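Report on the following structure.
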There are 2 protein chains.
Amino acid sequence: MLQISNRGQQMPPSPIRKLVPYAEAAKRKGIHVYHLNIGQPDVETPPAILDAVRKADIKVLEYSHSAGNESYRRKLVQYYKSVGINVTHEEIMITTGGSEAIQFGFFTCLNPGDEVIIPEPFYANYNGFAVAAGVKVVPITSHIENGFALPPIADFEKVITDKTKAIVVCNPNNPTGYLYSREEMEALKTICLKYDLYLFSDEAYREFCYDGEYISALHLEGMEQHAILMDTVSKRYSACGARIGAFVTKNKEVYNTAMKFAQARLSPPGLAQIMGEAAVDLPASYFDEPKAEYMGRRDLLVSRLNAMPGVFCPNPGGAFYAIARLPIDDADVFCQWLLESFSHDNKTVMLAPATGFYGTPGLGKNEVRLAYVLNKHDINEAMDCLQAALEVYPGRVAVAEKNVSQVAG
Amino acid sequence: MLQISNRGQQMPPSPIRKLVPYAEAAKRKGIHVYHLNIGQPDVETPPAILDAVRKADIKVLEYSHSAGNESYRRKLVQYYKSVGINVTHEEIMITTGGSEAIQFGFFTCLNPGDEVIIPEPFYANYNGFAVAAGVKVVPITSHIENGFALPPIADFEKVITDKTKAIVVCNPNNPTGYLYSREEMEALKTICLKYDLYLFSDEAYREFCYDGEYISALHLEGMEQHAILMDTVSKRYSACGARIGAFVTKNKEVYNTAMKFAQARLSPPGLAQIMGEAAVDLPASYFDEPKAEYMGRRDLLVSRLNAMPGVFCPNPGGAFYAIARLPIDDADVFCQWLLESFSHDNKTVMLAPATGFYGTPGLGKNEVRLAYVLNKHDINEAMDCLQAALEVYPGRVAVAEKNVSQVAG
């Protein structure tokens, strides 16, 4: 009999997309659904970068260099310099979104059976790339009570084995919005140097840091051979559909090996590379407006959440996500119920159950992720829905206290 | 010590690209290099499909559906119907080039350690995708004497083990240009049904069949659960840099599993999907001109080659490649020598040594692949170079006969 591969069977379905049929059914009933469930910003893609594609003089849309157009990579050298990262164009490889950068990292550095440590909750698709590469994800738990700060070094050391080859961090973090401090990044460096681990650093949200300082893995002195930066233009320029990212490392052997994977798939998308290159020419002030907008939304969202009885939401320092603890029995049931059985003035809200972001079964059952990718008016409406929903949800449970005093940034 | 993964070490470098530094050096010396080494057509990308991108009204370039825009998939249903393939939009998944379709097929259907049979010479990047997936490529040899026809069923049966899970074919073929006949496709069907194998069918060149009939794996009755079509717009519309392909299968379990890999990488390139969708609206007559052009080039190339003493080139039935046997000692040495030590009127030609397309070590040492992606004038000039080169190449060897009588189409 024809069979599906084991990894195909193990491959997790998207935890974010599994509620989509319920959202579609709600919409068919005429209910307006506020989407706080996915990281698709509503911010306009800068018209100038789309214009660059429109104006490009293309006779034959040829394969580019497998590492991406050299002109684009040279531009990115300037961009990275502007955020304090010194790399050459031969240390940058253009990828098909940040996703492909993660894949290249896993395939290049990890053997089947190897282990990567990832602080949970984490970006759910790391699981998928790990399954594809035959790699085991070892989660260590970060906690809502201290805003999802990096777990202490001892927690890493407890799970390190001779199979451990890397740590993956996302900074600022999706799904928690947590921004790692200099001390935390130095702690990661200490562990990586002590145990000879790669540090895969997903920095998709670096432009959106509100409180505190952004520290890149490539800012850490002495980590040049260990650090692999996974990057993307998706969130930076609200161009998620472009599928352009970057794999950046000063480790020559890693770069050259990743290059063989890049050659096998020929080249990254050509039209989108033109966009990416044009984006580097946007004025530095370009980020002021989206950043201020996201920060205003964050403040609104977090204050609305914490004003609801039994709800606790730490204040995220970056990205455009927050995880909130709700007085509910089961986040998966609740999020489905919001779409299937609830409406408030003919509106409802779609949230992502946090369970999908934890590697440890059973965690996140009373937590949801909210992406503040809607304008303030809509966030307010969505919060009205959530507040009303929590008042009538049959699975509501009592909570002891809010732990506001323990909130970290 | 930090280490590269085993698969990273095993990953083959691109056999086509390894000569690039020698070509660059030749150019720096002022020598004109005719590139017959890569499948990058010189045919203009249809302006109408680039215009579709230019005119697209995009406010936010969002993620598309992970399977690609539904409007595009519905259009492709019409396209496939026009080539005799009946599929629904739910049997089509848009991929990042044909490359990603191959990856999805391997990851979905094959376990590490499984074997796939591929008639050699074959598209070298299948090796790379196999290494990434931990899969073993088992080559069975096709021969230049009969134009690289499908090896007999007995050759397949000789290498089938309980690890064999699939056969990969490329039709019309890269690198041989061979177009499989109905009888050969039926033979593949017989094997796949008898041994329960998947048939991965790479049909990137279907529009360019010159002699004989194009038979798709999806034309084969009874193969609905076995056939997986890997497709791309790269060659069809001379849009290699777009990176848009398709994974097409009527096997629901395979489709749904591949979809999980598609969800992990979020979506295929957005701008290029607009191009692909617009391409379906090109008039059917669009292909007349490039097809006639390629056919004229093929006729010229093959007749020039066969007119050279000691050279034999079967007449390819499709695609835009030919493999020629030359009176040389070592194709890798010869191709490098062409760039490093030879010029004719200050010109030379870059060819791909066929060794990189064989899985069996030692085969293809007196063969080269030529891509007829240059206009007839340039092909003539390139053939002048090759002819002159063969007269003075120090590693020239005598050959017995040309076997022209055995040429198959």
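If you're wondering where the values come from, they're calculated on a predicted model, not measured in any experiment. Labels below follow one simple rule: chain letters A, B, ... track the order of the sequence lines, proteins then strands, and each chain is numbered from 1.
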For A/Lys260 against B/Met11, the heavy-atom pair lying closest together: NZ-O, 2.8 Å
Toward chain A, the part of B/Tyr123 with a non-hydrogen atom under 4.5 Å: side chain
Pick from A/Gly128, A/Gly97, A/Pro13 with the largest number of heavy-atom pairs that fall under 4.5 Å of chain B: A/Pro13
Heavy-atom proximity to chain A below 4.5 Å, by part of B/Ala56: backbone
Shortest non-hydrogen contact between B/Val53 and A/Leu271, atoms and distance: CG2-CD1, 4.1 Å
Largest heavy-atom contact set with chain A, pairs under 4.5 Å, which of B/Val60, B/Asp51, B/Thr257, B/Asp114: B/Val60
Residue selection (most heavy-atom pairs with chain B, distance under 4.5 Å) from A/Ala124, A/Ser66, A/Ser234: A/Ser66
Residue A/Met259 versus chain B: region with a heavy atom under 4.5 Å: neither
Side chain to side chain contact (heavy atoms under 4.5 Å, CB included) assessment of A/Gln225 paired with B/Leu2: CA-CA 8 Å; A/Gln225 297 304 303; B/Leu2 289 171; 4.1 Å; yes
Interface moiety of A/Phe104 toward chain B, non-hydrogen atoms closer than 4.5 Å: neither
Check: A/Leu61 and B/Met275 side chains under 4.5 Å, non-hydrogen atoms: yes
Contacting region of A/Ala166 [heavy-atom separation from chain B under 4.5 Å]: neither
Minimum-distance pair of heavy atoms, taken over all atoms of B/Phe261 and A/Gly8: CE1-CA, 3.9 Å
Atom group of B/Asp42 that falls short of 4.5 Å from chain A, counting heavy atoms: backbone
Among the listed options B/Gly270, B/Ala133, B/Ser64, B/Gly134, the residue most often paired with chain A at heavy-atom distances under 4.5 Å: B/Ala133
Neighbour count >12 (heavy atoms, 6.0 Å) for atom NZ, A/Lys252: yes
Which portion of B/Val20 sits near chain A, non-hydrogen atoms under 4.5 angstrom: neither
Straight-line distance of A/Ser99 OG to B/Leu266 CG, nearest 0.5 Å: 4.5 Å
Residues, nucleotides or ligands: over 12 heavy atoms within 6.0 Å of A/Glu90 CD: no
Exercise: identify the closest heavy-atom pair between A/Glu44 and B/Lys59: CG-O, 3.4 Å
Most chain A-contacting option - heavy-atom pairs closer than 4.5 Å, from B/Glu253, B/Gln263, B/Glu62: B/Glu62
Note, A/Ser267 side chain near B/Arg243 side chain (heavy atom, < 4.5 Å): yes
Proximal component of B/Leu197, with respect to chain A [non-hydrogen, under 4.5 Å]: backbone
Approximate separation, where rounding is to 0.5 Å, of B/Phe129 CZ and A/Arg265 CZ: 9.5 Å
Interchain contact, A/Arg54 with chain B, by part (heavy-atom threshold 4.5 Å): both
Chain B interface, residue from A/Gln103, A/His226, A/Gln9, A/Glu100 that has the most non-hydrogen pairs under 4.5 Å: A/His226
Nearest-0.5 Å distance, CD1 of residue A/Ile4 to CG of residue B/Leu110: 10.0 Å
Portion of A/Tyr126 that has a non-hydrogen atom of chain B nearer than 4.5 angstrom: neither
B/Glu289 atom CD: more than 12 heavy-atom contacts under 6.0 Å: no
Inter-residue atom distance B/Cys109.SG - A/Arg7.CZ, 0.5 Å rounding: 10.0 Å
Under 4.5 Å from a heavy atom of chain B, the part of A/Pro112 involved: both
Partner chain B: residue of A/Val254, A/Ile102, A/Asp196, A/Ile58 with the largest heavy-atom pair count (under 4.5 Å): A/Asp196
Contact class of A/Val43 relative to chain B, heavy atoms under 4.5 angstrom: backbone
Per-residue contact mode, A/Gln273 against chain B (heavy atom under 4.5 angstrom): neither
Contacting moiety of A/Thr108, where chain B heavy atoms sit under 4.5 Å: both
Which of B/Ala272, B/Pro47, B/Ala242 touches chain A most, by non-hydrogen pairs under 4.5 Å: B/Ala242
Validation row: A/Ser5, B/Lys165 side chains within 4.5 angstrom (heavy atoms): no
Closest approach of A/Phe107 to B/Ala132 (non-hydrogen atoms, all atoms of both residues): CE2-O, 3.4 Å
Part of A/Gln3 lying under 4.5 Å from any heavy atom of chain B: backbone
Portion of B/Leu50 that has a non-hydrogen atom of chain A nearer than 4.5 angstrom: side chain
